Amino acid sequence: MEEFQLRIYSILGMLPTGETISYGELAQQAGYKGYARQVGQLLKHLPKDSSLPWFRVINSKQEISFPIDSDAYLRQKNHLENEGWRVIGKKVKPS
DNA sequence: AGTATGGCGACGA
DNA sequence: ATCGTCGCCATAC
């Protein structure tokens, strides 16, 4: 039963512009504490046409969870910067 | 059934 | 700040 994905989707969908949330927190808020990795799995398989703000999800260290050279990293970085964050390396800081 | 691998997290050194 | 180590839970061989 993919109750999990529904909860995650809806919570993420309600996340305001300019905010971020960690994988673990997202999971927890959905009532699935300990399911951080599954959140990652879910986002990974997100349909390309999805309107969900996947880029607002970072890890608990306030970092982008992608290798610095990957283009997934770059896409996320750009999105975050467009919403007013400063991205130094993998670190995501408020501006 | 055992093992490896993830868009992770918490904690200690 | 950074690096290990463990714990976590689903998926894929």
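Naming: A, B, ... by sequence-line order, numbering from 1 per chain. Being a predicted model, the structure only gives us computed values, none of them experimental.
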* Asked: Residues in salt bridge (charged side-chain N to carboxylate O under 4.0 Å, His left out) with A:E81, at least two apart?
  -> A:K77
* Asked: Do any of residues 74-88 of chain A sit with a heavy atom less than 4.0 Å from DNA chain B, and if so which?
  -> none
* Protein-nucleotide distance (A:F66, atom CZ; B:dG7, atom C1'), rounded to Å -> 4 Å
* Distance between C1' atoms of C:dC8 and B:dT5 (Å, rounded) -> 14 Å
* Closest approach of A:S70 and A:F66, non-hydrogen atoms and distance? -> OG-CB, 3.6 Å
* Structure fact -> Contacts of A:D49 meeting salt bridge (charged side-chain N to carboxylate O under 4.0 Å, His left out) (sequence neighbours excluded), chain-then-number -> none
* To do: Scan residues 55-65 of chain A against DNA chain B and write down, sorted by residue number, each residue with any heavy atom closer than 4.0 Å; if none is found, say none.
  => A:V57, A:N59, A:S60, A:S65
* To do: With sequence neighbours left out, write down each residue that passes side chain to side chain donor-acceptor pair (under 3.5 Å) with A:S51, or none if nothing qualifies.
  => none
* To do: Verify, without hydrogens or angle tests, whether A:R56 (side chain) and A:L15 (backbone) share a donor-acceptor contact under 3.5 angstrom.
  => yes
* Structure fact -> Writing each nucleotide of DNA chain C 5' to 3' as (, ), [, ], | or . by Watson-Crick or G-U pairing under 3.5 Å yields .||||||.|||||
* **For A:L52 against A:L12, the heavy-atom pair lying closest together** => CB-CD2, 4.2 Å
* Asked: Quick one: A:I21 CD1 to B:dG9 P, roughly how many Å, whole number?
  -> 10 Å
* Please state how far atom NZ in A:K90 lies from atom C1' in B:dG7, giving the value in whole angstrom units. => 9 Å
* **Residues in side chain to side chain donor-acceptor pair (under 3.5 Å) contact with A:Q62, at least two apart in sequence or another chain** => none
* For residues A:W85 and A:K93, report the shortest heavy-atom separation together with the two atoms involved. => CE3-O, 3.4 Å
All N/O contacts under 3.5 Å from nucleotides 10-12 of chain C to the protein, with atom names and distances to one decimal?
unit_1: C:dA10; atom_1: OP1; unit_2: A:Y35; atom_2: OH; d: 3.3
unit_1: C:dA10; atom_1: O4'; unit_2: A:Q38; atom_2: OE1; d: 2.7

* **Flag, side chain of A:S22 to backbone of A:I58, donor-acceptor distance under 3.5 Å** => no
* To do: Can you tell me, in whole Å, how much space there is between the P of B:dG7 and that of C:dC6?
  => 23 Å
* Return the set of residues passing ring pair (Phe, Tyr, Trp, His ring centres under 6.0 Å) with A:F55 (not counting sequence neighbours), or none when no residue passes. => A:H79
* Any sub-3.5 Å donor-acceptor pair from A:Y35's side-chain atoms to A:L26's backbone N or O? -> no
* Looking at A:R86 and A:S95, what are the two nearest heavy atoms and their distance? -> CG-CB, 3.4 Å
* To do: Heavy atoms only: give me the nearest A:A27-A:V39 pair and the separation to one decimal.
  => CB-CG2, 3.8 Å
* **Nearest-Å distance for atom pair CD/C1', residues A:E25 and B:dG7** => 17 Å
* Asked: Do the side-chain N or O atoms of A:S22 get closer than 4.0 angstrom to the phosphate oxygens (OP1, OP2) of B:dG9?
  -> yes
* Between A:L43 and A:W54, what is the shortest heavy-atom contact and its length? -> CD1-O, 4.4 Å
* Asked: Who are the ring pair (Phe, Tyr, Trp, His ring centres under 6.0 Å) partners of A:Y23, not counting sequence neighbours?
  -> none
Tabulated below should be each protein N or O lying under 3.5 Å from an N or O of nucleotides 3-5 of chain B; please produce it.
none

* To do: Could you list the residues that satisfy salt bridge (charged side-chain N to carboxylate O under 4.0 Å, His left out) with A:K91, not counting sequence neighbours?
  => A:E63
